[in-house]
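What you see is a predicted model, and the numbers here were worked out from it, not measured in a lab. We name chains A, B, ... by the order of the sequence lines, and we start the count at 1 in each one.
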Amino acid sequence: MTLRLLFAEIRSAVQKISAELGYPVVEFDVSEASKSDFGDVSCNIGFLLAKPLKKRPSEISESIAKIYRDNMTNFVSQVNVHPSGYLNFVANNSSLAKNIIKSSTSNNYGGYDLGKGTKTVVEHTSVNPNKALHIGHVRNIIIGDTVARILRKANYDVNVLNYVDDSGLQVADIIVGFLYGGFSKEPPHGQKFDHYCGDVVYVSITERYEKEKPLAEKRVLVLKELEEGKSDIAKFGDEITRQVLEEQLKTCWRLGVTYDCLNFESQIIRSSLWKTVFEKMKSMGITYLENEGKNTGCWVIKSDSEVEEDKILVRSNGIATYIAKDIPYAAWKLGILDDPFYYKQYMVQKNHQVLWQTTLENTGTKIDFTGDKVITIIDSRQSRLQKIITKIISEFKSTNKSYLHLGYESVTLSPDTAKTLNLETGGKSVQMSGRKGVYVNADYVLDILGVKTYEETKKRNPDLDEVSLVKIAEQVAVGALRYAMIKQDLDKIITFDLTESLSLEGDTGPYVQYAHARAIRILEKASKMPEFDISLDILSTVYEKNLVKTIGKFDIQVEDSAKNLSPKIIARYCYDLAVSFNSFYEHAKVLTAESPEMINSRLCLVWSFKETLAKALSLLGIDAPDRM
RNA sequence: CUCCCUGUAGCUUAAUGGAUAAAGCAAAAGCCUUCUAAGCUUUUGAUACAGGUUCGAUUCCUGUCAGGGAGGCCA
């Protein structure tokens with residue numbers, strides 16, 4: 001039993017009593033009390049019945065409390081009415097502690113069957129393979145990866161996709177750089193290839209377009225070759241993009257992010273998908289050939305609003321626009337179309353998960369990567385386009401399959417950090433731009449974080465060997481970055497500041513990880529497993545009760561987070577757990593407690609805490625180190 | 001001009017329409033011969049403005065102001 005069940009029990013009891021009293025049926029809340037002074041659980045039924053019954057909320061709550069007290073159940077020890085009108089309940093401490101701690105020993109603790117096995121696609125990352133991942137991409141990746149982990153915990157059957165735009169303009173740019181711009185294919189002195197392509201080739205070639213006309217002409221040519229995919233240029237492009245992609249993936253793996261399948265845009269273009277979708281859209285009247293006005297000769301999607309312009313799908317020269325790549329892909333993800341792809345293994349990732357890739361060659365392997373629910377993680381600057389895609393998709397199929405754009409605000413650079421890139425912003429934060437070279441690479445951030453965490457760890461643990469130190473430092477660095485990217489609301493802009501990102505105190509990943517390391521240390525020193533099959537009555541201080549209750553909230557948080565696609569709820573939960581534990585740690589001694597019974601009871605609690613925290617952190621993709 | 005997002009303490013953030021608005025950072029003070037001080041205790045300090053709906057609004061609605069983003073036969 002967890003808090004969920006306590007709430008459910010109270011709810012049904014209140015419902016029953018309210019019915020017995022002849023009160024009208026209302027949708028009331030049973031939730032955690034906002035302050036422990038009020039009790040453990042609160043119910044607002046008094047407020048809701050005040051109007052229909054023409055009575056004061058406290059009067060109504062009292063009438064329910066009176067009957068409740070006469071039929072007290074196991075899990076509730078007190079029923080109180082607050083003068084404000086709330087109906088408050090105090091939980092029976094010993095049964096609550098015992099049940100929560102016992103539940104938390106289960107492997108799937110915190111799991112909640114919201115998804116009922118629904119096949120779900122989560123697409124994230126999808127960075128052009130012409131540059132290294134920067135801190136803005138990291139937000140996308142971490143949101144996507146965390147959402148996927150949370151949905152799996154809530155029993156969705158999730159496939160994670162990474163869309164590789166290997167035939168777009170940005171890729172064409174670096175190919176121009178290599179073929180016509182005089183750039184060597186070999187990066188200087190061991191620079192990572194993706195960094196080289198992005199920081200050097202891409203940035204300088206886009207700069208040169210303005211002055212060197214012939215280069216700009218080559219760009220158009222290369223783009224065309226990439227789309228057609230037959231020439232030597234296309235082959236060369238394929239080679240380069242795959243090399244960049246591999247380096248990008250290394251960064252993702254470093255962050256603890258894995259995928260199920262890589263979808264190559266070039267193959268979507270060369271497959272039959274677009275043709276099928278285009279015909280379908282024609283026959284359904286979603287798109288039509290414009291024969292008047294400025295869009296004459298284009299296939300357009302009519303806008304349903306007066307002010308918005310129609311969207312061009314196919315240019316008057318017959319070449320499709322980028323939205324024409326997104327629609328078939330979206331339709332494919334939902335499994336609306338026959339799958340033209342075969343799948344071959346790209347590699348086996350560190351967590352033993354196989355990473356597949358699409359191929360048009362008949363390899364005989366067919367796998368279903370589609371879903372009834374599709375979640376696409378793209379920053380909210382693309383909301384308008386995603387809205388159009390969502391609308392078109394909804395017209396394709398009248399089933400309850402759903403396409404969802406999960407948007408988030410961008411990451412900007414703080415004035416100070418911009419200054420380190422020789423950019424004077426006049427005290428304002430600045431949008432990142434790959435083209436202009438205004439960004440901070442993810443690897444770089446992880447590296448400097450790693451140096452800092454290495455020093456800290458070494459200082460605190462002089463006895464640890466080099467391998468362990470490096471491992472812990474990397475775990476903490478990743479934890480710090482992932483936590484920073486996920487802890488705030490999706491629609492808040494993150495202003496990234498290099499100096500601030502090195503902070504390891506307070507509301508940060510390392511703070512949470514540290515609580516885990518402390519708990520592990522206690523359990524190690526106790527040198528024996530606690531005995532769980534005992535009464536836990538003596539866990540009666542406010543610190544112990546708070547910790548127990550927080551542990552008992554796990555599945556509620558998972559449900560909330562999955563239902564609202566809000567990963568920060570889990571970050572907040574991890575933080576709450578750590579705060580409760582640290583407070584307990586400072587105020588209640590475990591190994592030197594007054595009696596063997598107390599030592600054992602507290603050990604149970606510590607064990608339960610570290611199990612729960614590790615599971616919650618794993619939903620954030622953050623490792624829980626044993627030492628720090 | 002139109003549409004979208006955001007406005008909470010000096011800074012970064014939290015709060016299914018509920019009770020005395022919660023944290024972290026920064027600043028000030030204290031706590032390590034006792035399970036790791038990446039920690040814990042104190043102190044100072046906030047809902048942009050004006051209306052509305054409600055028993056009750058940081059939350060919902062309208063307007064104003066401020067900041068950011070989007071509106072290409074670019075992606």
Side-chain angles (χ1 to χ4, degrees), chain A residues 29 31 33-35 37-38 42 44 46-48 50-51 56-57 82-86 88 128 165 168-170 294-300 305-309 311-323 325-326 379-385 387 407-410 412 428-429 431 453 456-457 459-461 476 480 484 487-495 497 500 503-515 517-526 560 563-564 568 572 575-576 578-579 581-583 585-593 599 602-603 606 627-628:
Chain A
D29 275 337
S31 56
S34 60
K35 276 179 85 170
D37 297 358
F38 300 137
S42 290
N44 67 346
F47 297 106
L48 302 168
K51 198 165 193 183
R56 283 203 312 275
H82 190 270
S84 64
Y86 271 103
N88 291 326
N128 285 312
D165 179 2
L169 213 51
Q170 296 202 12
K294 59 175 183 170
N295 293 338
T296 304
C298 299
W299 286 88
V300 300
S305 110
E306 297 281 315
V307 281
E308 258 176 66
E309 304 239 336
K311 198 83 211 157
I312 289 165
L313 188 66
V314 178
R315 301 177 179 100
S316 53
N317 64 5
I319 297 175
T321 61
Y322 72 96
I323 197 173
K325 297 171 184 171
D326 280 352
D379 85 73
S380 50
R381 281 176 294 197
Q382 299 215 30
S383 309
R384 202 176 222 116
L385 310 159
K387 219 169 122 191
Y408 62 92
E409 274 294 342
S410 50
T412 63
K428 286 188 174 176
S429 7
Q431 287 280 338
T453 52
E456 286 290 321
T457 313
K459 200 166 73 193
R460 290 154 205 277
N461 302 278
V476 177
K487 75 168 178 175
Q488 58 277 78
D489 211 82
L490 295 181
D491 46 25
K492 282 218 160 93
I493 295 170
I494 294 181
T495 305
D497 185 88
E500 211 173 287
S503 156
L504 310 174
E505 289 163 22
D507 186 6
T508 65
Y511 171 90
V512 179
Q513 291 173 307
Y514 183 62
R518 282 179 136 184
I520 289 288
R521 198 55 166 202
I522 294 176
L523 294 164
E524 269 175 17
K525 292 210 168 165
D560 197 5
K563 202 177 263 173
N564 299 307
K568 72 156 186 218
R572 189 115 210 121
Y575 182 66
D576 286 345
V579 168
F581 176 76
N582 276 331
S583 176
Y585 184 94
E586 297 288 339
H587 295 100
K589 294 294 164 205
V590 178
L591 300 177
T592 53
I599 293 176
R602 286 186 177 156
L603 279 174
V606 172
R627 296 199 45 185
M628 276 177 71

**Request:** Mind calculating the distance between CG (A:Asp560) and P (B:A15) to the nearest angstrom?
**Result:** 10 Å
**Message:** I need a per-nucleotide contact map over nucleotides 19-29 of chain B, read 5' to 3'. Cutoff is protein heavy atoms under 4.0 Å; write B for the base, S for backbone only, - otherwise.
**Reply:** BB--SS-----
**Complete:** Here the pair of heavy atoms bringing A:Ala593 nearest to A:Arg602 is CB-NH1, 3.8 Å
**Message:** Over all strands shown, is A:Ile493 touching base, sugar-phosphate only, or nothing at heavy-atom distances under 4.0 angstrom?
**Reply:** sugar-phosphate
**Request:** May I ask you to establish whether A:Arg518 and A:Tyr585 are in a cation-pi arrangement, using a distance under 6.0 Å from NZ or CZ to the six-membered ring centre and at most 45° from the ring axis?
**Result:** yes
**Prompt:** Should A:Arg381 and A:Gln431 be marked as a side chain to side chain donor-acceptor pair (under 3.5 Å) after you check the CA-CA gap, both sets of side-chain angles, and the distance that decides it?
**Reply:** CA-CA 12 Å; A:Arg381 281 176 294 197; A:Gln431 287 280 338; 2.9 Å; yes
**Fill in**
Residues A:Asp507 and A:Lys487: closest non-hydrogen pair is O-NZ, 3.2 Å
**Message:** Looking at every heavy atom in both A:Gln513 and A:Met628, which two are closest together, and how far apart are they?
**Reply:** C-SD, 3.4 Å
**Request:** With C1' as the reference atom in both, quote the distance from B:A23 to B:G39 in angstrom, rounded to an integer.
**Result:** 16 Å
**Message:** Give me the distance, rounded to whole Å, that separates B:U44 from B:G24 when you measure between the C1' atoms they each carry.
**Reply:** 16 Å
**Request:** Compare the minimum distances between each of B:C74, B:G39, B:U13 and the side chain of A:Arg315, then state the nucleotide with the smallest one.
**Result:** B:C74
**Message:** What's the closest nucleotide to the side chain of A:Leu591 if the choices are B:U13, B:G68, B:C35?
**Reply:** B:C35
**Asked** side chain to side chain contact (heavy atoms under 4.5 Å, CB included) with A:Leu591: which of A:Val606, A:Ile522, A:Leu523?
**Response** A:Ile522
**Under 3.5 Å side-chain donor-acceptor pair for A:Asn582 and A:Tyr511** = yes
**Request:** Could you pull out the closest heavy-atom pair between A:Cys298 and A:Ser316, with the gap in Å?
**Result:** SG-N, 3.5 Å
**Item:** Earlier contact from the 5' end, RNA chain B, for A:Val476 and A:Thr592
**Value:** A:Thr592
**Request:** Provide the closest heavy-atom pair for A:Ala515 versus A:Phe581 in the form atom of the first, atom of the second, distance.
**Result:** O-CE2, 3.5 Å
**Request:** Send over the distance from A:Glu309 CD to B:C1 P, rounded to a whole Å.
**Result:** 17 Å
**Request:** May I ask you to say what A:Glu524 touches in the nucleic acid, namely base, sugar-phosphate or nothing, with a heavy-atom cut-off under 4.0 Å?
**Result:** nothing
**Message:** Checking contacts here: which listed nucleotide (B:U54, B:U41, B:A14) is nearest the side-chain heavy atoms of A:His587?
**Reply:** B:U41
**Asked** Taking the same atom, P, in B:C65 and in B:C49, what whole-Å distance lies between them?
**Response** 16 Å
**Request:** Salt-bridge test for A:Glu309 and A:Lys294: reply yes if a basic N is under 4.0 Å from a carboxylate O, no otherwise.
**Result:** yes
**Message:** Heavy atoms from C-beta onward define the side chain here; which of B:C73, B:A14, B:A75 lies closest to that of A:Ser316?
**Reply:** B:C73
**Prompt:** Is there a side-chain polar atom (N or O) of A:Lys325 under 4.0 Å from OP1 or OP2 of B:C74?
**Reply:** no
**Request:** Give a yes-or-no answer on whether the side chains of A:Ser410 and A:Asp379 include a donor-acceptor pair shorter than 3.5 Å.
**Result:** no
**Message:** Within the 4.0 Å heavy-atom criterion, would you say A:Asn564 contacts the bases, only the backbone, or no part of the nucleic acid?
**Reply:** nothing
**Nearest-Å distance once atom P is located in both B:A70 and B:A37** = 48 Å
**Request:** Would you mind telling me which of A:Asp489, A:Asp560, A:Asp491 makes a salt bridge (Lys or Arg N to Asp or Glu O under 4.0 Å) with A:Lys568?
**Result:** A:Asp489
**Message:** I want to verify a distance call: between B:C73, B:G39, B:C35, whose nearest atom is closest to the A:Glu586 side chain?
**Reply:** B:G39
**Prompt:** What nucleic acid atoms does A:Thr457 come within less than 4.0 Å of, heavy atoms only: base, sugar-phosphate, or nothing?
**Reply:** base
**Message:** Quick check on B:C35: is either OP1 or OP2 less than 4.0 Å from any side-chain nitrogen or oxygen of A:Lys525?
**Reply:** no
**Prompt:** With a 4.0 Å cut-off on heavy atoms, is A:Asn317 in touch with a base, just the backbone sugar-phosphate, or nothing at all?
**Reply:** nothing
**Asked** To the side chain of A:Arg518, which of B:G72, B:G39, B:C74 is closest?
**Response** B:G39
**Request:** Write down the distance between CG (A:Leu48) and C1' (B:G56), rounded to a whole number of angstrom.
**Result:** 11 Å
**Asked** How is A:Lys568 classified with respect to the nucleic acid when contacts are heavy atoms under 4.0 Å: base, sugar-phosphate, or nothing?
**Response** sugar-phosphate
**Message:** Going by the glycosidic torsion and a 90 degree boundary from 0, is the base of B:C60 oriented syn or anti?
**Reply:** anti
**Request:** Provide the distance between the two C1' atoms, one in B:C40 and one in B:A46, to the nearest whole Å.
**Result:** 25 Å
**Message:** Say we look at B:U42 and B:U34: how far apart would their P atoms be, to the nearest angstrom?
**Reply:** 23 Å
**Paired and unpaired positions of RNA chain B as dot-bracket, Watson-Crick or G-U wobble under 3.5 Å, | denoting a partner strand** = (((((((..((((....[...)))).(((((.......)))))....(((((..]....))))))))))))....
**Item:** Residue-phosphate contact under 4.0 Å: A:Lys428 side-chain N/O, B:G68 OP1/OP2
**Value:** yes
**Prompt:** Quick one: A:Arg627 CZ to B:C35 C1', roughly how many Å, whole number?
**Reply:** 13 Å
**Item:** A:Asn582, nearest nucleotide to its side chain (from B:G39, B:U13, B:C55)
**Value:** B:G39
**Complete:** When every non-hydrogen atom of A:Ala484 is compared with those of A:Ile494, the smallest separation belongs to O-CD1, 4.0 Å
**Prompt:** Ignoring hydrogens and angles, are the base of B:A70 and the side chain of A:Arg384 linked by a donor-acceptor pair under 3.5 Å?
**Reply:** yes
**Complete:** Note: for A:Thr412 and A:Ile312 on RNA chain B, the residue whose nearest nucleotide lies more 5' is A:Thr412
**Pairwise P distance for B:C61 and B:U54, with rounding to whole Å** = 16 Å
**Nearest-angstrom distance from the residue atom CD of A:Glu500 to C1' of B:U13** = 11 Å
**Asked** Using atom P of each nucleotide, how far apart are B:A22 and B:A15 to the nearest Å?
**Response** 14 Å
**Asked** Base, sugar-phosphate alone, or nothing: which one does A:Ala588 contact when heavy atoms must sit under 4.0 Å apart?
**Response** base
**Asked** OP1 or OP2 of B:C40 less than 4.0 angstrom from a side-chain nitrogen or oxygen of A:Tyr511, does that happen here?
**Response** yes
**Request:** Quick one: label A:Ala517 by what it contacts on the DNA or RNA (base, sugar-phosphate, nothing), any heavy atom closer than 4.0 Å.
**Result:** base
